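Have a look at the structure below before the remarks.
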Amino acid sequence: MTEPGTSAWPPAPIPTDRLVLRESEARDRAAFVELFASPEVGTYIGGARPRDEVERAVPEVPGRRPGCFVVERDGTAIGVITLDPRGAERRGHVRPEAGEAELGYLFLPEAWGHGYAFEACAAALDWFSGARPGEPVVLSTQTANDRAMRLAAKLGFTEVERFEEYGAEQWFGVRTPATQA
Ligand SMILES: CC(C)(COP(=O)(O)OP(=O)(O)OC[C@H]1O[C@@H](n2cnc3c(N)ncnc32)[C@H](O)[C@@H]1OP(=O)(O)O)[C@@H](O)C(=O)NCCC(=O)NCCS
């Protein structure tokens, strides 16, 4: 994330009922490697990369940048949430100047099916609405990604459009104070 939000970064760790959202640390590296190398995680996001390649590519402290939250449960990273500006070259925008904050979520398969991603994303979106009041958040996911589609709906995203990208149908949605009303 850039510009105004940067001044709010990093936030103090954000606790939820079962989780903590915080900035990345060196001890999270194994979880990042697993997220990028897991075929299950990669199914709808371009596929997993070979583990040895990921091991070489992932830095000592991965994901340490504005807008990247590690999600921790009982002291261990279980997922990553990102709020990054959506590039102007991409299809799917709600503002003429583009650069909208885009929500991304990646959780380890063993953490699916417990509502952790919802709990963590809701906290990240709360944080964002405090850091940048009134700004929209956008999201895109393959329409075939049922879990991601259900999560987007539960978080209050509504459809703007669907289009083809990366050889698959994509759902592009937005969340604003109005879409949650
Ligand atoms: C997308 C992703 C984060 C969704 O994870 P998830 O665990 O299904 O999402 P949620 O946190 O919303 O959990 C919902 C599930 O938890 C269950 N659940 C169990 N206990 C719960 C609780 N206390 N509260 C809420 N839900 C609970 C729900 O019933 C639901 O299960 P179901 O889908 O079998 O019906 C995960 O599948 C993922 O990381 N995928 C790979 C990466 C990816 O594709 N990301 C999207 C890119 S756009």
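Note that the numbering runs from 1 along the sequence shown for the chain. Keep in mind that the numbers below use all heavy atoms, side chains included, and drop hydrogens, waters and symmetry copies. The shown structure was predicted, so the numbers you read here are calculated from the model rather than taken from an experiment. Whatever order the structure lists them in is the order used to number ligands and atoms, beginning at 1.
With hydrogens left out, the protein atom closest to atom 35 (O) of ligand 1 is Arg150 NH2, 4.3 Å, a heavy atom. The protein heavy-atom contact nearest to atom 48 (S) of ligand 1 is Ser140 O, 3.4 Å. Among protein heavy atoms, the minimum distance from atom 44 (O) of ligand 1 is reached at Asn145 ND2, 2.8 Å. Shortest contact from atom 26 (N) of ligand 1 to any protein heavy atom: Gly115 CA, 3.3 Å. Among protein heavy atoms, the minimum distance from atom 9 (O) of ligand 1 is reached at Ala117 CB, 3.8 Å. The protein atom (non-hydrogen) at minimum distance from atom 47 (C) of ligand 1 is Ile45 CG2, 3.7 Å. Atom 14 (C) of ligand 1 has Lys154 NZ, 3.3 Å as its closest protein atom, hydrogens excluded (heavy atom only). Scanning all protein heavy atoms for the shortest distance to atom 15 (C) of ligand 1 gives Gly113 CA, 3.6 Å.
The two atoms that bring Glu119 and Asp17 nearest to each other are OE2-N, 3.4 Å, heavy atoms only. Taking every heavy atom of both residues into account, Pro59 and Arg29 meet most closely at O-NE, 3.2 Å.
Residues Phe157 and Leu103 form a side-chain contact, since some pair of their non-hydrogen atoms from C-beta on lies under 4.5 Å apart.
Taking a 6.0 Å sphere around CD of Glu97, one finds it holds more than 12 heavy atoms contributed by other residues, nucleotides or ligands.
Not a single heavy atom of Met149 sits closer than 4.0 Å to an atom of ligand 1. Heavy atoms of Gln142 come nearer than 4.0 angstrom to ligand 1 in no pair at all.
Within ligand 1, the atoms closer than 4.0 Å to a non-hydrogen atom of Leu106 are 39 (O), 42 (C), numbered from 1 in the order shown. The Leu151 neighbourhood of ligand 1 comprises atoms 12 (O), with distances under 4.0 Å to a heavy atom of that residue.
At a heavy-atom distance under 4.0 Å, only side-chain atoms of Arg18, from C-beta outward, approach ligand 1.
Without hydrogens or angle criteria, Thr141 side chain to Ala148 main chain gives no donor-acceptor distance under 3.5 Å. The backbone N or O of Gln142 lies less than 3.5 Å from no partner atom in the side chain of Asn145, so there is not a single donor-acceptor pair.
Looking at Tyr105 next to ligand 1, an N or O pair under 3.5 Å apart turns up. On a distance-only criterion, Ala148 and ligand 1 share no N/O pair closer than 3.5 Å. For Phe107, a nitrogen or oxygen atom sits less than 3.5 Å from a nitrogen or oxygen atom of ligand 1, counting backbone and side chain alike.
One distance of note links CZ of Arg162 with CH2 of Trp171; it measures 8.5 Å at 0.5 Å rounding.
When ring centroids are compared, Trp9 and Phe69 come within the 6.0 Å threshold.
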Report task. Please lay out, stage by stage, how Glu161 and Arg91 fare under the test side-chain contact (heavy atoms from CB on, under 4.5 Å). Result -> CA-CA 10 Å; Glu161 59 175 324; Arg91 175 131 179 228; 3.4 Å; yes
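Note: Tyr116 and His114 have parallel aromatic rings, judged against thresholds of 30 and 60 degrees for the angle between ring planes.
For atom 2 (C) of ligand 1, the nearest protein heavy atom lies 4.0 Å or farther away.
The side chain to side chain contact (heavy atoms under 4.5 Å, CB included) with Thr143 is formed by just one residue from the set Glu169, Gln170, Glu159; it is Glu169.
Between Arg65 and Asp84, at least one side-chain N (NZ, or NE/NH1/NH2) sits under 4.0 Å from a carboxylate O, which counts as a salt bridge.
The option from Arg147, Glu40, His114 that lies nearest to atom 4 (C) of ligand 1, judged by heavy atoms, is Arg147. Of the listed options Phe118, Tyr116, Trp112, Trp171, Trp112 places a heavy atom closest to atom 38 (C) of ligand 1.
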